[in-house]
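Have a look at the structure below before the remarks.
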Amino acid sequence: MDNDYWSFESCLSEQQKIPCTLKLEVGNHGNLLGASESDLHVGGKVSIPMWLAPTLILNDWLDFNIPPPFMQRVKRALNADARSVRLSALVGNGGEWYGFGKLVADILEESQAKELQGVLLTTFKERFVDLMDQAQHFGSLPGSAADNMGDRGSDFREGLEMTERELFLLGQESAKAVRLWYESTDRKEH
Amino acid sequence: MALPARLMLSPLPEELEFIALQQTDILVRPHFTMGKIRLLSGSYGPFRATANIELPLWVGKYLKQQGKCALVPPSWLNPDWLEEKLKQEMSKPEEFAPLPFRYAEIAKVFLDIAPEDVPSPERVRSLLKDIREVRQAKTRKGLALVDETELRMTGLGSMEINELRPFLIRAMGVMRVLASVPEVPGTQDNSFAAGESGSRMEEDW
């Protein structure tokens, strides 16, 4: 989540690609940018990984577009009901939707950045109570009894993105620890 | 740190129980007579059969497990008191009823090793469970109000706080990052500047 050099999550967020438009001629380096031909021209479209994008954009070599996971369509869906959007489908399995979103917000202008951050934050807040609920529920059930949950729940769980998955695990683990403690006994058997 | 990951996030429930055992004093009615004993943590005794004596909970637990005493439950560990708290808990959806901070741990120890010393232990057990469930529902409601800087819930017990801790710390961390102002581009690479990088790495590891 954080921008730390050593953090795996930040590596995962940074490898998401952002669609860009070229502002200069690139001769013979097309394949480095993931294109099929070797020469790229002004106005050509390339997808750049997020870790590379800020430098290129800052130097005015590229223009970027808002990447698909944060487009209006998604925002509208989130507005309608944040809990029914499958974030994992937007960034691929194991992708970091929040982390990626924050990186995109960091290169946007101030007003746009504020708006996107607002979307990220409300989405997180609206989802995390449900997340906690389900995590605790799963942690406090012994073994496989957890399989017979409602459909809405399983849809929600499959739609979790990476940060949320970690949170789910944390909640589940602590609920499990408490359950095991309640079940444990120090009574000596006679 | 070489601790397993699950131990680094928060104390285990067992560790909280250990703390409660150390910190709580209870009344014990010994079945034996013996002079004072001196231990590292203090001296206890002299013990006289059937005369109540105040001891740390861990001493009481130990003696009870040997079958050498009866424990006197704290004033709040009985069906009437708990029932009243349960009512209070239900009638005020906004706040947590005042319970002893380590009520969960102490009640667990009593019901586990000395159910015969607790008045109607089965009712106490089920009341405690009800209270726990009502409070969990409240916690959930309270969580909806959390933001990146603070969470206000007063009256939670140590076990309840502990159960929330790993999840909440992480979640608030995420919110803090999401709400933070972007770093000024171009200054983020300063950590590679000469002299600083070496010392930073040592700190991080």
Side-chain angles (χ1 to χ4, degrees), chain A residues 1-6 9-10 54-55 57-58 98-99 101-103 105-108 110 113-114 116-126 128-133 135-136 139-140 163-164 166-182 184-188 190, chain B residues 5-6 9-10 12-14 16-17 61 64-67 104-105 108-109 111-115 129 132 136 139-148 159-160 162-171 173-186 188-189 191-192 200-201 204-205:
Chain A
M1 202 59 219
D2 41 8
N3 244 338
D4 189 41
Y5 183 79
W6 303 104
E9 288 118 66
S10 102
T55 322
I57 291 162
L58 225 77
Y98 295 105
K102 179 70 172 79
L103 289 176
D106 284 353
I107 56 173
L108 284 169
E110 211 180 323
K114 262 211 179 107
L116 180 54
Q117 280 186 302
V119 172
L120 295 175
L121 208 57
T122 15
T123 307
F124 184 79
K125 279 188 204 166
E126 276 177 32
F128 108 107
V129 178
D130 263 31
L131 183 69
M132 172 88 195
D133 234 20
Q136 281 208 327
S140 54
T163 308
E164 291 175 328
E166 273 169 43
L167 277 170
F168 187 92
L169 268 183
L170 286 178
Q172 192 181 12
E173 282 300 315
S174 57
K176 194 171 146 201
V178 173
R179 171 173 65 82
L180 290 178
W181 174 72
Y182 268 111
S184 69
T185 175
D186 289 333
R187 211 176 156 76
K188 299 252 160 74
H190 295 295
Chain B
R6 71 195 174 92
L9 296 165
S10 69
L12 294 177
E14 286 80 6
L16 291 185
E17 181 187 320
K61 180 181 175 184
K64 178 73 196 177
Q65 280 174 326
Q66 312 282 315
E105 296 91 317
K108 156 91 167 39
V109 170
L111 291 173
D112 182 22
I113 59 160
K129 206 168 169 222
R132 179 169 135 83
Q136 269 183 339
T139 313
R140 254 162 239 169
K141 258 197 243 155
L143 276 185
L145 304 174
V146 74
D147 66 10
E148 67 274 12
M159 191 58 77
E160 292 155 323
N162 197 55
E163 193 176 354
L164 281 177
R165 191 186 333 251
F167 182 86
L168 208 57
I169 288 179
R170 188 70 210 276
V174 171
M175 286 191 240
R176 186 183 50 76
V177 173
L178 290 182
S180 65
V181 185
E183 289 173 45
V184 181
Q188 27 186 319
D189 280 349
S191 51
F192 287 113
R200 277 224 4 184
M201 262 179 66
D204 285 352
W205 289 98

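Quick note on labels: first sequence line is chain A, next is B, and so on, each numbered from 1.
Donor-acceptor pairing under 3.5 Å is lacking for the side chains of B:Glu14 and A:Trp181.
Looking at B:Ile113, the atoms closer than 4.5 Å to chain A (heavy atoms on both sides) sit in the backbone and in the side chain alike. For A:Ser184, the parts sitting under 4.5 Å from any heavy atom of chain B are the backbone and the side chain alike. Within the 4.5 angstrom heavy-atom criterion, no atom of A:Gln172 approaches chain B. At a 4.5 Å heavy-atom cutoff, B:Val109 makes no contact with chain A through either its backbone or its side chain. Using a 4.5 Å cut-off between heavy atoms, B:Leu111 makes no contact with chain A at all. Using a 4.5 Å cut-off between heavy atoms, B:Lys61 touches chain A through its side chain atoms alone. Of the atoms belonging to B:Ala104, heavy atoms from both backbone and side chain fall under 4.5 Å from chain A.
Scored by the side chain to side chain donor-acceptor pair (under 3.5 Å) test, B:Arg140 finds A:Asp133, A:Gln136 as partners (sequence neighbours excluded).
Salt bridge absent: A:Glu173 and B:Arg170 never bring a charged side-chain N and a carboxylate O closer than 4.0 Å.
Residue A:Lys102 holds its NZ atom at 3.5 Å from OG of B:Ser180, rounded to the nearest 0.5 Å. Summarising the geometry, atom CG belonging to B:Leu143 is positioned 11.5 Å from atom CG belonging to A:Asp130; distances are rounded to the nearest 0.5 Å. We find the CG-OG distance between B:Leu9 and A:Ser174 to be 9.0 Å, quoted to the nearest 0.5 Å.
The shortest distance between side-chain heavy atoms of A:Tyr182 and B:Arg132 falls below 4.5 Å. Using a 4.5 Å heavy-atom cutoff, the side chains of B:Val174 and A:Phe128 are not in contact.
Of all the listed residues (B:Ala171, B:Ala144, B:Pro166), the one sharing the greatest number of non-hydrogen pairs under 4.5 Å with chain A is B:Ala171.
For A:Lys125 (side chain) and B:Met175 (main-chain N/O), no donor-acceptor pair under 3.5 Å exists by modelled atom type. When atom types are taken as modelled, the side chain of B:Asp112 and the backbone of A:Asp186 share a donor-acceptor pair closer than 3.5 angstrom. B:Glu163 places no side-chain N or O within donor-acceptor distance of the main-chain N or O of A:Val178, the cut-off being under 3.5 Å.
Counting all heavy atoms, side chain and backbone alike, A:Gln117 lies closest to B:Val177 at NE2-O, 4.5 Å. What you find for B:Leu178 and A:Phe124 is that their closest heavy atoms are CD1-CB, 4.2 Å.
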